[in-house]
Amino acid sequence: EVQLQASGGGLVQPGGSLRLSCVASGFRIGNYDVSWIRQAPGKGPEWVSAINSFGISAYFADSVKGRFTISRDNAKNTVWLQMNSLKPEDTALYYCATGERAVASRPFNSADYDYFGEGTLVTVSS
């Protein structure tokens, strides 16, 4: 079964850090570019970051640039999102996505993504 599973969310104070993991099963994630998307309560989805299949190129939304990093280990079938200097406005459900037509360097288009993992909730609050 093809599956993406995000984990690592939780409650953290403003200024804190979390590391999210996205683990693929049933396919080799190393063949695809991967994006992280988030959805805050009452808001629409927001693309956060993307990384190409080789892990060489990474892209970030302006709202997280300089605070978040993205990395991957294709041998472990895993992509990570390291989130530092977290702010209350980062509170959201975070999920990873990938697909054959996904291109990290292009603006996010959900139609290009075949697989969306179940999300992990990040809450930033004091």
Side-chain angles (χ1 to χ4, degrees):
E1 180 185 4
V2 172
Q3 193 173 19
L4 284 176
Q5 182 62 57
S7 62
L11 174 63
V12 62
Q13 292 187 341
S17 298
L18 282 174
R19 189 192 197 200
L20 306 184
S21 299
C22 173
V23 180
S25 57
F27 71 104
R28 295 170 58 91
I29 201 171
N31 292 338
Y32 307 107
D33 294 8
V34 175
S35 280
W36 283 95
I37 304 101
R38 67 185 181 185
Q39 187 162 11
K43 296 187 177 180
E46 176 192 14
W47 172 81
V48 175
S49 180
I51 188 168
N52 73 347
S53 60
F54 296 106
I56 295 174
S57 299
Y59 305 86
F60 300 92
D62 288 343
S63 58
V64 306
K65 201 170 292 183
R67 300 187 296 121
F68 290 13
T69 58
I70 188 171
S71 59
R72 67 191 299 160
D73 185 336
N74 291 336
K76 296 182 179 179
N77 239 18
T78 302
V79 176
W80 294 278
L81 184 70
Q82 177 67 43
M83 307 186 298
N84 300 327
S85 302
L86 283 162
K87 305 175 181 180
E89 51 263 43
D90 294 318
T91 295
L93 183 69
Y94 285 72
Y95 52 99
C96 52
T98 190
E100 290 188 3
R101 297 177 304 280
V103 178
S105 59
R106 285 208 302 244
F108 180 80
N109 182 346
S110 60
D112 292 333
Y113 289 73
D114 304 308
Y115 310 119
F116 288 80
E118 292 188 9
T120 185
L121 182 63
V122 173
T123 303
V124 185
S125 175
S126 55

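For reference, positions follow the sequence shown, starting with 1.
Connection of Ile51 to Met83 is established within a shared hydrophobic cluster, with ILVMFWY side chains joined at heavy-atom distances below 4.5 Å, either directly or through further cluster members.
Taking Ile, Leu, Val, Met, Phe, Trp and Tyr as members and joining any whose side-chain heavy atoms lie under 4.5 Å apart, directly or through other members, Val23 forms no hydrophobic cluster with any other residue. Clustering of Ile, Leu, Val, Met, Phe, Trp and Tyr by side-chain heavy atoms under 4.5 Å joins Ile56 with Phe54.
Checked against side-chain hydrogen bond (donor to acceptor under 3.5 Å, both in side chains), Asn74 has the following partners two or more places apart in sequence or in another chain: Arg72. Remark: Val124 engages Val12, Pro14, Leu86, Pro88, Asp90, Thr91, Val122 in a side-chain contact (heavy atoms from CB on, under 4.5 Å) (not counting sequence neighbours). Residues that satisfy the salt bridge (Lys or Arg N to Asp or Glu O under 4.0 Å) test with Asp114, not counting sequence neighbours, are Arg101.
When side chains are defined from C-beta on, Val79 counts as touching Ile70, because their heavy atoms get closer than 4.5 Å. Taking the side chain as every heavy atom from C-beta outward, Gln5 and Gln3 approach each other to under 4.5 Å. Contact check for Arg67 versus Phe60: no side-chain heavy atoms found under the 4.5 Å cut-off. Looking at Phe68 and Val48, their side chains come closer than 4.5 Å, going by heavy atoms from C-beta outward. Within the 4.5 Å cutoff, side-chain heavy atoms of Asp112 are placed close to those of Arg106.
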| task | Could you check Leu4 against Phe116 for side chain to side chain contact (heavy atoms under 4.5 Å, CB included), going step by step and ending with a plain yes or no? | result | CA-CA 7 Å; Leu4 284 176; Phe116 288 80; over 6 Å; no
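Counting only residues at least two apart or in different chains, disulfide bond (SG atoms under 2.5 Å apart) contacts with residues 40-72 are absent. Residue pairs meeting the ring pair (Phe, Tyr, Trp, His ring centres under 6.0 Å) criterion with at least one member in residues 16-42, sequence neighbours excluded, are Phe27-Tyr32, Phe27-Tyr115. Contacts classified as side-chain hydrogen bond (donor to acceptor under 3.5 Å, both in side chains) and involving residues 16-30 (residues at least two apart or in different chains) are given here: Ser17-Asn84, Ser21-Trp80. Among pairs with a residue in residues 2-76, those fulfilling disulfide bond (SG atoms under 2.5 Å apart) read Cys22-Cys96, at least two apart in sequence or across chains. Sorted by first then second residue, the side-chain hydrogen bond (donor to acceptor under 3.5 Å, both in side chains) pairs that include residues 42-51, not counting sequence neighbours, are Ser35-Trp47, Arg38-Glu46, Glu46-Ser63. Sorted pairs that involve residues 27-56 and meet disulfide bond (SG atoms under 2.5 Å apart), not counting sequence neighbours, are lacking altogether. Under the side-chain hydrogen bond (donor to acceptor under 3.5 Å, both in side chains) criterion, no residue pair touches residues 117-126, with sequence neighbours excluded.
Scanning both residues, Ala97 and Ile37, for their nearest heavy atoms gives CB-CD1, 3.7 Å.
A distance-only check finds no donor-acceptor pair linking the side chain of Asp73 to the backbone of Thr78 [under 3.5 Å]. Under the 3.5 Å distance criterion, the side-chain polar atoms of Asn77 are matched with a main-chain donor or acceptor of Ile29.
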